[in-house]
Engineer: 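Structure in structure tokens, see below.
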Amino acid sequence: MTHLSDDLLNEYLDEALARESRTAAESHLAACPDCSARLAELRALFADLGSLPDLPLEVDFAPLILARLEQNAPLPRPVRWLTVVQAIGAVLAAVLAWPLAETMLPAWNLPPLQNISSALANSLLQTVSDFRFPKLVFDLPSLNLDLPTTTLTVTILGVALLWLVANGLLLIPRSRRTS
Amino acid sequence: MDTLPDHDLILRARRGETEAFGELVHRTQTAVFNVCYRLLGERREAEDLAQETFLRAWERLHTFDVERPFLPWIRRVAANLCLNHLPARAPDFPELDDERDRANPESGPPQLVEGRQQTEQVRVALLSLPPRYRLALELRHFQELSYEEIAQTLNRPLSDVKSDLFRARKLLKSALGTPKSPDFGD
Ligand SMILES: [Zn+2]
């Protein structure tokens, strides 16, 4: 009778044998004291490894890890998405606010939004059709500002700047803001 | 925070909540440290590598499948990281840093003494093996991975994994000094 190979005994204990090989091995083991003894030795080795206890830790890693993460944490993904959403929102807000700006700043002679959009469309069509630079359809706003308009502009710019700074702060994760 | 399941903590950590990740570190740090210690055999080095493991895990948290348990994943990350720090050969005289002083095998009730001596023998025997065999035993016996999972983790052919593991057991047996049985196989 052929004895079981070492590989087979290993696979048997690792429960890696297919059903038929397993049954065949088991019937041989039942009849062969030599192979049973070899299996028992291997089993004892498994038990030795299994009984090796975990060493206790002498340090708590959690605070060390957190300190290192907060030193050089990149902005996590959801926050970056927020930035994109916010940028789109800002563009939309600017478009919606255009008629208001028209009425509030008559001195600037701002052209109505339709003019700009049709001008942009015209320019695009011209560029596409004859590959030449299009003419400017509207004049640039005059820079001859009178005093009340300038005060208004400064106020609006100031508010806008504050808004940007405040939102920028909100985008920084809480953990980095507090540290 | 300390009552939340791992699953929730991982989702929070992915959103950038470092406190949630801290709790995950808390729960798994002893296991992760012991992976590194079994593979490296030196406490300070094992502590360094355990910390590296958690930093690496934080970076790769988005690749982790939240439906699976966290502990096996982080232990595999630790084993892979230690793999690059293992020397090419086993040391001639494996040393167990200062563990001998801490758990002095000659003190205490006789049964405990015997247990500690046995434990120390197994540790010394493990560390006397060449690193690739140590790694095979770590992944099969301590992390309980299947042959296929080990092959996948180490990116090696299944036949190599099996021959390493079986050879590792043979070497460990002789390192432990158990009487050699007649060899019918191979
Ligand atoms: Zn036999």
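Every chain is numbered from 1, with letters handed out A, B, ... down the list of sequences.
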Engineer: Heavy atoms only, distances under 4.5 angstrom: which of B:Val25, B:Asn34, B:Thr119 has the most pairs with chain A? Name it, please.
Structural biologist: B:Asn34
Engineer: Against chain B, label A:Leu66 side chain, backbone, both or neither, depending on which of its atoms sit under 4.5 Å from a heavy atom there.
Structural biologist: side chain
Engineer: Looking at A:Ala37, A:Ala44, A:Pro53, A:Pro56, which makes the most heavy-atom pairs under 4.5 Å with chain B?
Structural biologist: A:Pro53
Engineer: Any side-chain heavy atom of A:Tyr12 within less than 4.5 Å of one from A:Leu29?
Structural biologist: yes
Engineer: A side-chain contact here means heavy atoms from C-beta on lying under 4.5 Å apart; do B:Thr18 and B:Trp58 qualify?
Structural biologist: yes
Engineer: Would you mind checking which part of B:Tyr147 comes under 4.5 Å of any heavy atom in chain A, side chain (CB onward), backbone (N, CA, C, O), both or neither?
Structural biologist: side chain
Engineer: Can you say whether B:Leu24 sits under 4.5 Å from chain A via the side chain, the backbone, both, or neither, judging by heavy atoms?
Structural biologist: neither
Engineer: If you count heavy-atom pairs under 4.5 Å between each of B:Phe33, B:Phe21, B:Phe54 and chain A, which one has the most?
Structural biologist: B:Phe33
Engineer: Looking at B:His26, B:Glu23, B:Arg169, B:His141, which one has more heavy-atom pairs under 4.5 Å with chain A than the rest?
Structural biologist: B:Arg169
Engineer: Under a 4.0 Å threshold between the charged nitrogen and the carboxylate oxygen, would B:Arg134 count as salt-bridged to B:Glu138?
Structural biologist: no
Engineer: Can B:Glu47 and B:Arg44 be counted as an ion pair, charged N to O under 4.0 angstrom?
Structural biologist: yes
Engineer: Got a salt bridge between A:Asp54 and B:Arg38, using NZ or NE/NH1/NH2 to carboxylate O under 4.0 Å?
Structural biologist: yes
Engineer: Select one option (side chain, backbone, both, neither) describing which atoms of B:Glu52 are under 4.5 Å from chain A's heavy atoms.
Structural biologist: side chain
Engineer: So, are A:Glu11 and B:Lys162 salt-bridged, with charged N and O less than 4.0 Å apart?
Structural biologist: yes
Engineer: For the interface with chain A, which of B:Glu148, B:Gln51, B:Gln121, B:Glu59 has the highest count of heavy-atom pairs at distances below 4.5 Å?
Structural biologist: B:Gln51
Engineer: Are any non-hydrogen side-chain atoms of B:Thr28 and B:Arg75 less than 4.5 angstrom apart?
Structural biologist: no
